[in-house]
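Proteins come first, then strands; the chains are lettered A, B, ... in the order of their sequence lines, and each starts at number 1.
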Amino acid sequence: MQRNILVTSALPYANGPIHLGHLVEYIQTDIWVRFQKLRGNHCIYVCADDAHGTPIMLKARELGITPEELIERMGREHREDFAAFGIGFDNYYTTHSPENRELSELIYTRLREAGHIDSRTIKQAFDPEQGMFLPDRYIKGDCPRCGAAGQYGDSCEVCGATYTPTELKNAVSVVSGATPEERESLHYFFRLQDFETMLKDWARGGHVQQEVANKLEEWFTEGLREWDISRDAPYFGFQIPGTEDKYFYVWLDAPIGYMASFRNWCDRHGEDFDAWWKADSDTELYHFIGKDIVYFHALFWPAMLHGAGFRKPTRICAHGFMTVDGAKMSKSRGTFIMARTYLNHLDPEYLRYYMAAKLGSHVHDLDLNLDDFTQRVNADLVGKLVNIASRSSSFINKRFDGRLAAELPAPALYRDFVARGEQIAEAYENREFSRVIRDIMALADQANQYFDEEQPWVLAKDARTLPRVQAVCTQTLNLFRVLMVYLKPVVPKIAAEAEAFLNVDAQDWQAVQTPLLDHTINRFKPLATRVEREAVDAMVEESRETLAPKGDAPAADSPLADHPIADPVDVDTFGQIDLRVARIEDAAVVDGADKLLQLTLDLGGEKRNVFAGLRAAYAPEDLRGRLTVVVANLKPRKMRFGVSEGMVLAAGPGGDALYILEPDSGAMPGMRIR
RNA sequence: GGCUACGUAGCUCAGUUGGUCAGAGCAUCGCACUCAUAAUGCGAGGGUCGGUGGUUCGAGUCCACCCGUAGCCA
């Protein structure tokens with residue numbers, strides 16, 4: 001039976017570009033959506049730019065344009081980035097839309113009429129110069145508890161204290177620098193506590209992951225409180241009906257933006273919006289979100305929907321954040337990588353594959369390990385998978401004019417591959433993508449094993465066994481075809497190229513039931529090329545450059561420009577490196593190596609053989625007899641010319657611009673340097 | 001500070017309800033092969049499953065505490 005599934009990803013905020021952290025969510029969602037479509041379900045994927053709020057208003061002001069111009073510009077960039085990564089939205093809209101205004105007013109009005117909206121006067125910080133109320137994050141001052149300077153209006157990053165902005169000492173407005181005043185203002189509140197019973201039932205009903213449910217229980221225990229949903233003018237957003245100068249808080253109309261984007265799609269495709277959103281709808285609604293916005297999606301959102309007479313989400317799928325090389329993304333390390341920067345250096349399908357290989361259904365963070373990324377993509381995608389087609393198609397193309405045999409020599413093996421599809425589909429459905437990848441790669445291993453056992457390259461040497469070659473390669477290419485169908489949600493572009501190579505129409509999940517026989521394929525072109533580590537490094541380098549702080553950037557000709565000071569290490573870490581004074585007893589050129597010199601070092605009794613890349617900078621006779629500094633406990637490294645048992649320290653960019661270190665007179669070979 | 005997760009081979013990760021669960025891939029080393037984008041196949045080494053106690057006939061698997069990491073605290 002065909003399922004009707006509406007899927008959303010969280011709305012990216014329209015004040016900055018998409019980065020790799022965002023993409024964890026969109027790639028994850030897109031894979032799931034593509035899988036559902038491949039299985040024949042009626043699945044619609046919508047999203048939008050989150051366009052309202054104080055930051056948008058201020059950013060537009062800073063750029064000297066209107067908020068509308070800003071969100072138009074950002075929206076266009078976001079669409080381009082998402083498209084480049086193959087994110088197949090059915091509709092990508094904006095929360096600043098007539099549909100969203102209408103739905104926000106409708107939901108608000110229904111909630112108010114049902115008695116779920118309160119209003120009362122609150123005190124809030126006000127910027128007299130700008131004539132605006134200030135969100136907590138727009139006030140800075142000294143922490144009232146520990147006195148740390150430059151802390152935000154809600155909490156101290158130094159001592160962890162939480163407080164109200166009025167408690168802050170020496171407070172200033174971040175917008176104007178003026179001293180904030182305290183003023184009163186009428187605010188509107190959504191009575192979340194009215195929905196406690198409903199929310200508890202819902203949260204315990206399997207609509208969220210276990211760890212999210214735990215978190216919700218904690219919040220239930222603390223007690224649900226009303227939620228301030230209004231903001232004062234000036235504010236970029238929707239005016240609250242029945243008020244003169246009050247606006248909906250951006251977080252009220254943001255999730256409604258899911259509905260609005262879908263409404264916009266329905267209107268253009270003749271779909272019945274109400275059938276999907278009425279309280280007793282039998283369609284499914286999936287929200288993919290980051291773990292930081294669980295509160296909004298698992299409490300406010302179902303409560304708002306319920307209170308306004310709409311259906312609630314089928315499932316909230318929360319995911320963790322992305323780290324790079326085990327640490328939070330960092331601008332100084334060059335690991336705060338924008339989508340655009342990634343695209344300048346690497347194929348987006350690789351990131352899709354890598355993320356899929358590490359994504360599960362839990363809320364865990366996902367680490368982008370750059371070495372692992374390079375190796376994984378090369379080993380799995382290129383070495384294992386694409387290689388299956390490459391090695392088998394060469395025979396079919398050269399010997400059989402691209403023609404596949406009329407039957408499979410190992411039908412049982414093929415049936416086995418098809419049968420494994422159900423297990424893979426189940427993993428996809430449960431969003432266990434890492435399991436999907438593991439299973440597919442295990443099958444890829446089997447395909448390579450089959451090919452190796454059959455040894456078609458041997459059979460091809462004898463005319464009598466030549467037909468067997470065609471049969472074996474037909475079998476192998478059919479196994480490859482099955483794998484590409486299974487992998488299609490993850491790497492749609494490679495899958496499409498594989499379909500072109502196999503000379504078939506777009507395959508759905510069912511297509512694998514029938515093998516491809518007595519059929520002519522096209523000439524094989526590389527479907528994926530290896531990742532060069534240099535490209536990864538260049539991407540990191542570009543991320544570092546574009547985001548280096550402008551004010552204290554080192555002069556362009558300073559070595560710091562190319563190699564910024566590394567992250568701090570503690571003294572213990574430094575202590576692990578054993579630096580010693582060494583005498584260069586002998587130095588010699590190495591045959592066959594144009595960069596290396598072979599040095600014989602005396603470390604005060606112990607002799608070391610070291611290869612150093614100094615040939616362009618020093619002649620051997622310049623070095624003999626001199627003292628220098630060597631890393632004495634570096635693990636010996638086997639090189640083509642012998643084993644290198646240490647590293648001589650030198651400064652400079654390389655080539656002939658290298659300068660070895662030399663201790664002051666008095667130092668003796670073997671002395672420890674610290 | 002409170003809470004929620006996580007901490008398993010060099011790296012990235014699997015390990016359902018406690019009993020062949022000490023695993024996979026990559027990396028490393030050896031052998032084979034040469035059809036293939038130096039890709040593939042076979043084999044080997046490598047972990048006291050963060051630490052310390054406890055429950056149990058038996059614990060990565062349950063409990064307590066500690067250490068470390070990430071996040072949330074509306």
A.B. asks: Given B/C26, B/C42, B/U40, identify the nucleotide with an atom nearest to the side chain of A/Q375.
C.D. replies: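 Minimum distance to the A/Q375 side chain belongs to B/C26.
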A.B. asks: On a whole-Å scale, what distance lies between the P atoms belonging to B/U48 and B/C11?
C.D. replies: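 B/U48 and B/C11 have their P atoms separated by 13 Å.
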A.B. asks: For A/E453 and B/G41, what is the distance between atoms CD and C1' respectively, to the nearest whole Å?
C.D. replies: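 After rounding, the reported distance stands at 9 Å.
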A.B. asks: Taking syn as within 90° of 0 and anti otherwise, name the glycosidic form of B/G60.
C.D. replies: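 Syn.
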A.B. asks: Under a 3.5 Å cut-off for both contacts, is B/G53 paired Watson-Crick or G-U wobble with anything, and if yes, with which nucleotide?
C.D. replies: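 Partner of B/G53: B/C63.
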A.B. asks: How far does the P atom of B/G60 sit from the matching atom of B/C49, given to the nearest Å?
C.D. replies: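 About 7 Å, rounded to a whole number of Å.
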A.B. asks: Which residues in residues 488-500 of chain A have a heavy atom closer than 4.0 Å to any atom of RNA chain B?
C.D. replies: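 Here the set is empty: none.
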A.B. asks: When the P atoms of B/G23 and B/G45 are compared, how many Å lie between them, rounded to an integer?
C.D. replies: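 So the two P atoms sit 12 Å from each other.
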A.B. asks: Can you tell me if A/Q210 and A/N214 form a side-chain donor-acceptor pair at under 3.5 Å?
C.D. replies: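 Their side chains do contain a donor-acceptor pair, which is all the 3.5 Å distance test asks for.
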A.B. asks: Using the C1' atom on both, measure B/C62 against B/G71 and round to a whole Å.
C.D. replies: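 My reading of the C1' atoms in B/C62 and B/G71 gives 26 Å.
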A.B. asks: Name the residue closer to the 5' end of RNA chain B, choosing between A/A528 and A/R435 according to the nucleotide with the nearest heavy atom.
C.D. replies: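 Nearest-nucleotide comparison on RNA chain B picks A/R435.
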A.B. asks: Can you tell me which nucleotide in B/A39, B/U4, B/U12 comes closest to the side chain of A/N214?
C.D. replies: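 The listed nucleotide nearest to A/N214's side chain is B/U4.
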A.B. asks: Relative to the 5' end of RNA chain B, which residue comes earlier, A/V212 or A/V458, by the nucleotide with the nearest heavy atom?
C.D. replies: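 Nearer the 5' end of the strand: A/V212.
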A.B. asks: Between B/U16 and B/A22, how many Å separate the two P atoms, rounded to a whole number?
C.D. replies: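 One P to the other, the span is 14 Å.
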A.B. asks: For the side chain of A/P526, counting heavy atoms from C-beta on, which of B/U37, B/U4, B/C26 is nearest?
C.D. replies: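 Per side-chain heavy atoms of A/P526, the pick is B/U37.
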A.B. asks: Using the C1' atoms only, state how far B/C6 lies from B/G51, rounded to an integer number of Å.
C.D. replies: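 Those two atoms are separated by 16 Å.
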A.B. asks: Base, sugar-phosphate or nothing for A/L299? Non-hydrogen atoms, less than 4.0 Å.
C.D. replies: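 Counting heavy atoms under 4.0 Å across all strands, no contact is made by A/L299.
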A.B. asks: Just compare B/C11, B/G41, B/A36 and give me whichever is closest to any side-chain atom of A/N369.
C.D. replies: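 Between B/C11, B/G41, B/A36, the one nearest the side chain of A/N369 would be B/C11.
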A.B. asks: Do you see a donor-acceptor pair shorter than 3.5 Å between the side chains of A/H306 and A/W202?
C.D. replies: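 The criterion, which ignores hydrogens and geometry beyond distance, is not satisfied for A/W202 and A/H306.
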A.B. asks: Nearest to the side chain of A/D452, which nucleotide is it out of B/C13, B/G41, B/U4?
C.D. replies: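 Nearest to the side chain of A/D452 among the choices is B/G41.
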A.B. asks: We want to know whether A/T29 and A/S9 form a side-chain donor-acceptor pair, criterion being a heavy-atom distance below 3.5 angstrom.
C.D. replies: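 A/T29 vs A/S9: donor-acceptor pair found between side chains.
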A.B. asks: Could you measure between the two P atoms, the one in B/G7 and the one in B/G46, and give it in whole Å?
C.D. replies: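 Pairwise P distance, B/G7 against B/G46, rounds to 24 Å.
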A.B. asks: Without decimals, in angstroms, what is the distance between A/D372 CG and B/U12 C1'?
C.D. replies: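 My rounded result for the distance is 4 Å.
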A.B. asks: Could you tell me whether the side chains of A/N369 and A/R376 share a donor-acceptor contact shorter than 3.5 Å?
C.D. replies: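 Checked: A/N369/A/R376 side chains show no N/O donor-acceptor pair below 3.5 Å.
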A.B. asks: A/H187 side chain to A/S230 main-chain N or O, any donor-acceptor pair under 3.5 Å?
C.D. replies: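 Looks like yes, one N/O pair under 3.5 Å.
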A.B. asks: Return the nearest nucleotide to the side chain of A/D380; candidates are B/A5, B/U37, B/G25.
C.D. replies: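 Ranking B/A5, B/U37, B/G25 by closest atom to the A/D380 side chain puts B/G25 first.
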A.B. asks: Do A/I122 and A/F189 have side chains that approach each other closer than 4.5 Å (heavy atoms only, starting at C-beta)?
C.D. replies: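 A/I122 reaches A/F189 side chain to side chain.
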A.B. asks: Within this structure, what is the CD1-CD1 distance for the pair A/I437 and A/I31, rounded to the nearest 0.5 Å?
C.D. replies: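 Those atoms lie 7.0 Å apart.
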A.B. asks: For the P atoms, the ones on B/C35 and on B/G30, what distance do you get once it is rounded to whole angstrom?
C.D. replies: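 Going atom to atom, P in each nucleotide, I get 24 Å.
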A.B. asks: Where the side chain of A/E211 is concerned, which of B/A36, B/U4, B/G41 is the nearest nucleotide?
C.D. replies: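 Output: B/U4.
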A.B. asks: Look at the side chain of A/L527 and decide which nucleotide, out of B/C42, B/U37, B/G25, has an atom nearest to it.
C.D. replies: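 Within the option list, the nearest is B/U37.
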A.B. asks: Kindly confirm or rule out a cation-pi arrangement of A/K525 over A/F501, judged by NZ or CZ under 6.0 Å from the six-membered ring centre and within 45° of its axis?
C.D. replies: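 Cation-pi check for A/K525 and A/F501: fails.
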A.B. asks: Nearest-Å distance, CZ (A/F480) to P (B/U40)?
C.D. replies: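 Those two atoms, CZ and P, are 15 Å apart.
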